[in-house]
Asks: 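Quick one: the structure is below, and I'll ask about it shortly.
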Amino acid sequence: MIRLGVNIDHVATVRQARRAHDPDPVAAATLALLGGADGITVHLREDRRHIQDRDVRLLRQTVAGRLNLEMSVAGDIVAIACEVKPDEATLVPERRQELTTEGGLDVVANQQAVAQAMDHLRKAGVEVSLFVDPDQRQIEMAKLLGAHAVEIQTARYAEATTRSDRAAQLQLLRESADFARQHGLHVHMGHGLDYGNVADVARLPGVEELNIGFSIVARAVLVGLERAVREMKDAIRIAGK
Ligand code: PXP
């Protein structure tokens, strides 16, 4: 069964809109786990636009499932991760102007910075996953750098507007997952996945974990988080049958 990591950044986005105490992502994590999440994912961004340091520290103490910290390779963020020790760190690119993470980390172009961050994290006992495009060069480099897993970005698949483009993007994801597995990497996927497009991705052989945030939190505003997570778990489970 594929693991579902629920990204709760956007619970914190609502809280930060008023710099208030509620809604608390720590409470959201508990509800997501009750709904069947296998893990909790948060992105501690350098600009702290949603998740705060306090959230990460409290989540480390309270989340019974896996805690996956999405992060850039910036030194101060790496230092926090080494101290908090999430189960897994997913290295992502980060630009201040972006609405959300745009594209995978270019591990080929940023080899040195990525290697350095990975070295610190591994010494702290944190598994490292690299968020990359469905591109064999990037996956090969992730393996060379000693990553535990790759999270293959699904944004272009999710954003495809024609059937043929969607099929082509899905095929690229399939080939990338095969390639990563042949290189001994664990395969995660995420970005832009929702209740309608998750099934085809969940059926790809070898995918072990999906990280999904926006669509779940958006539905949770209307139906509650526990139910929104359960419905996503069901969509993944049904696809796997
Ligand atoms: N995986 C990674 C690496 C991400 O950066 C994000 C967005 O924070 C997600 C998954 C979740 O994407 P979405 O919110 O579109 O489901």
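Atoms within a ligand are numbered from 1 in the order they appear, just like the ligands themselves. For the single chain, residues carry numbers from 1 onward in sequence order.
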Asks: Find out if a path of hydrophobic residues (ILVMFWY) with successive side-chain heavy-atom gaps under 4.5 Å connects Met189 to Leu172.
Replies: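 No.
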
Asks: What are the atoms of ligand 1, with element, lying closer than 4.0 Å to any heavy atom of Asn7?
Replies: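 Within the 4.0 Å cut-off of Asn7, ligand 1 contributes 8 (O).
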
Asks: For Glu231, which residues count as a salt bridge (charged side-chain N to carboxylate O under 4.0 Å, His left out) partner, sequence neighbours excluded?
Replies: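 Salt bridge (charged side-chain N to carboxylate O under 4.0 Å, His left out) list for Glu231, sorted by chain: Arg219, Arg227.
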
Asks: Restricting to salt bridge (charged side-chain N to carboxylate O under 4.0 Å, His left out), what partner residues turn up for Asp194, sequence neighbours left out?
Replies: none

Asks: Is ligand 1 less than 4.0 angstrom away from at least one heavy atom of His191?
Replies: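 The answer is yes, since His191 has a heavy atom less than 4.0 Å from ligand 1.
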
Asks: Numbering the atoms of ligand 1 from 1, which are under 4.0 Å from a heavy atom of Phe214?
Replies: 13 (P), 14 (O), 16 (O)

Asks: Can you tell me if CZ on Phe214 sees more than 12 non-hydrogen neighbours from other groups inside 6.0 Å?
Replies: no

Asks: Any atoms of ligand 1 less than 4.0 Å from a non-hydrogen atom of Asn211? List them with their elements.
Replies: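 In order of numbering, the contacting atoms are 10 (C), 11 (C).
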
Asks: Check this for me - ligand 1, Gly190, N or O atoms closer than 3.5 angstrom, yes or no?
Replies: no

Asks: Of the listed options (His188, Met189, Glu70), which comes nearest to atom 9 (C) of ligand 1 when hydrogens are ignored and any heavy atom counts?
Replies: Glu70

Asks: Show the atoms of ligand 1 that are less than 4.0 angstrom away from any heavy atom in Glu151.
Replies: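 In order of numbering, the contacting atoms are 1 (N), 2 (C), 3 (C), 10 (C).
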
Asks: Would you check whether Ser215 reaches within less than 4.0 Å of ligand 1, judged by its heavy atoms?
Replies: no

Asks: With atoms numbered from 1 as shown, which atoms in ligand 1 lie under 4.0 angstrom from a non-hydrogen atom of Val92?
Replies: 3 (C)

Asks: Is it true that Arg54 and Asp24 have a side-chain N and a carboxylate O under 4.0 angstrom from each other?
Replies: yes

Asks: When you look at His186 and Glu127, which way does the side chain to side chain donor-acceptor pair (under 3.5 Å) test go after all the steps?
Replies: CA-CA 11 Å; His186 292 277; Glu127 277 176 10; over 6 Å; no

Asks: With a 4.0 Å cut-off, would you call Asp200 and Arg166 a salt bridge?
Replies: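 Salt bridge: yes.
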
Asks: Give the atom numbers and elements of ligand 1 that come within less than 4.0 Å of a heavy atom of Gly192.
Replies: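 The list of qualifying atoms is 12 (O), 13 (P), 15 (O), 16 (O).
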
